[in-house]
Amino acid sequence: MCGIIGFTGKLEAQDILLDGLEKLEYRGYDSAGIAYFKENGKISIRKTAGKVKDLRAICDDNDSLCGIGHTRWATHGGVTNANAHPHKCGNVALIHNGIIENYHELVSSYDLEKDLISETDTEVAAALFNKLYDGEHPLDAIQKAVPLFKGSFAFCIMFKNNPGVIYAVRNVSPMVAATCEDGSFIASDLTAFIQYSKKYFIVPEYTILTMTSEGISLQALDGTRVEPEFLEVNWDITAAQKDGYPTFMLKEINEQPAAITRTITPRIQNGLPDFSEDNIPKSLFENCRDITIVACGTAMYAGMVGKSLIQDMLGIPVTVAIASEFRYEKPVITEESLVIVVSQSGETIDTLEALRLAKTKTEKTLAIVNVKGSSIARESNYVLYTHAGPEIAVASTKAYTVQTAAFYLIACKLGLVQHKLTETEAHEFIQNLQNVSGHISEILKLSDDVERLTKRMLNASNTFFIGRGIDYTLSMEGALKLKEISYIHAEAYAAGELKHGTIALISEGVPVIALATQSHVYSKVISNIREVKARGAYVILLSMDEEITDTSICDIHISLPKVPDNFAIFESVVVLQMIAYYTSVGKGLNPDQPRNLAKSVTVE
Ligand code: M6R
């Protein structure tokens, strides 16, 4: 969480920092700030609680070629001007993404209390760097300070007496850097500077980066020189812009057909799944007795679809674990277990730590990740990149559908390798997967209808999402989406479980979004829907029926294109995303930046 950027070069730093922070704002938007060297060598700071636009309003200086900027998601200390970054202490100004877990100990061990004016862990780091800085040798101060920190950090630091130079160092929290004719850049992610350079490198952990307008150098904490490993991005700045849409979320919902096609096409050869370009060997799927899928939030719900599918098709046990729980449990994983971690950002700390734990038990780890070169992608034994392109809206949409599509490829491959699927069946399965993009395009045409039906949701304080089997996993995703961007309480329930307690909450007019796409449980779900309808619920039903006019079943019916049951989830989820989206917009909220949230959860 938190977005950081640094620039030093030939261009006006303030403009680059503010523009970059706007692009990074999805990482946190509680407060924003910049620090820059003035021509006289002094460091100036502008910061404020609020968004980057509020910061822009108080930035009036245009005489700097070097500076650092930060957009915050508050962890320690409330959303105040004092707690906003950068933090300046004596001769040091610094920004930070992460959590310094031992900041209390550092305050007492190094007698820093008198230097602090905020409630943040970050200011303690600034005070410590300042304490260890002799006024001349920044690298010495960094070398001494860094081993003292416990926790995660990405720091960009400026030292008085070193105008034009930015130092950076990280542990866990992400940081990428680039250098080009205009100068040198560092940021939490590429979106901040991709318009200047498509070549970049990931700052290695515990490596000190020194950047000047001339270029960037890296050294290990013991002073040994380190060579950066350059990567090249395959998307450009337009992919990270709204492109005429009012919001990123709507743009990303609409990008799903293309994102799915991009993700599956390179992995289909002669109509069958093929991971040879991903360097994923067949052996990963052979002798695989059980599978554990670990992820957080929407990525975990994609994993639940994967579980449902794989268990159904292969009959092998699949467990889905919440990464933050998995880390502290004693997971039952053997050398023959396949562990699949799923993450859009590839930086979610709990998923990363879960992967590290899994690697102590099995070499069969596979990451489904969207961001190239991210920590999870680098650390997993195998990676299957989704090609959703940058996902900027906090609520995940296209990442979910491409992650799910990846599970369909994996399920099919497992089925073939383990002889549970014939080639003919696999061909048919893959053909159905290839048809998904077209069906989603059809669903997207329903946006006006969906927008209209959400008028009924705007004043709701409670909603329920119900379904059975794979539809139940989807209900969870639909409920999460609605909660996070509309702030309406939404609960997902297995339709058959309602009458064991929760049905007591159904009263006149409570919206219930019901999913009935699975033929083997269709009549059961319809009975469950009748039960809530009989108690006054306002039912919105998604099914593949052409028409349902029976008002004892539903108030609104959304007819989905007919597809094999297993493939209906792609259509349903897009409707659920649109329900959440139009409810949020209808309430006058900004779906791209819901309160209290940030895109990439890099703290525990
Ligand atoms: O980057 P990741 O996929 O690891 O992120 C996982 C969750 O934080 C994320 O899916 C979150 O639940 C979304 N905001 C949901 O829309």
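Counting convention: from 1, in listed order, for ligands and their atoms alike. Quick caveat, the model's predicted, so the values are computed rather than measured.
Considering backbone and side-chain atoms alike, Gln403 places every N or O at 3.5 Å or more from each N or O of ligand 1. In terms of polar-atom proximity, Thr348 is counted as a contact of ligand 1, with an N or O under 3.5 Å from an N or O of the ligand.
Contact atoms of ligand 1 toward Lys481: 15 (C), 16 (O) (distance under 4.0 Å to a heavy atom of the residue). Listed by number with element, the atoms of ligand 1 under 4.0 angstrom from any heavy atom of Gln344 are 1 (O), 2 (P), 3 (O), 4 (O). Which parts of ligand 1 touch Ser396 is read off a 4.0 Å heavy-atom cut-off, strictly below it: atoms 15 (C), 16 (O). Residue Ala299 approaches ligand 1 through these ligand atoms, each under 4.0 Å from one of its heavy atoms: 3 (O), 10 (O). Those atoms of ligand 1 that come under 4.0 Å of a heavy atom in Ser345, given as number and element, are 1 (O), 2 (P), 4 (O). Under a 4.0 Å criterion applied to the non-hydrogen atoms of Gly297, ligand 1 contributes the atoms 12 (O).
For Glu232, the CD atom is densely surrounded, since the number of other residues' heavy atoms within 6.0 Å is greater than 12. Few gaps surround CG on Leu597; more than 12 heavy atoms of other groups in view lie less than 6.0 Å from it.
Side chains of Glu391 and Ser396: a donor on one and an acceptor on the other come within 3.5 Å.
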Let me see the working for Lys51 and Asp54 under salt bridge (charged side-chain N to carboxylate O under 4.0 Å, His left out), right down to the final yes or no.
-> CA-CA 5 Å; Lys51 301 211 171 182; Asp54 304 308; over 6 Å; no

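The structure places CD of Glu205 at 10.0 Å from OG of Ser152, a figure rounded to the nearest 0.5 Å. The structure places CD1 of Ile68 at 9.0 Å from CD1 of Ile4, a figure rounded to the nearest 0.5 Å.
Taking each of Thr397, Asp350, Thr298 in turn, the one with a heavy atom nearest to atom 15 (C) of ligand 1 proves to be Thr298.
Counting heavy atoms under 4.0 Å from ligand 1, residue Met300 does not touch it at all.
At the shortest separation from atom 8 (O) of ligand 1 among protein heavy atoms lies Val601 CG2, 4.0 Å. From the protein, the heavy atom lying nearest to atom 16 (O) of ligand 1 is Glu484 OE2, 2.3 Å. Atom 13 (C) of ligand 1 has as its closest protein heavy atom Val394 O, 3.8 Å. In terms of protein heavy-atom proximity, atom 6 (C) of ligand 1 is closest to Cys296 O, 3.3 Å.
Under the side chain to side chain donor-acceptor pair (under 3.5 Å) criterion, Lys372 pairs with no residue at all, not counting sequence neighbours.
Among residue pairs with one or both ends in residues 300-311, none qualify as side-chain hydrogen bond (donor to acceptor under 3.5 Å, both in side chains); sequence neighbours excluded.
Ring centroid separation for the pair Tyr103 and His76 comes in under the 6.0 Å cut-off.
Within the structure, the closest approach of Ala395 to ligand 1 falls below 4.0 Å when heavy atoms are considered.
Electrostatic pairing of Glu379 and Arg356 counts as a salt bridge here, judged by a charged N lying under 4.0 Å from a carboxylate O.
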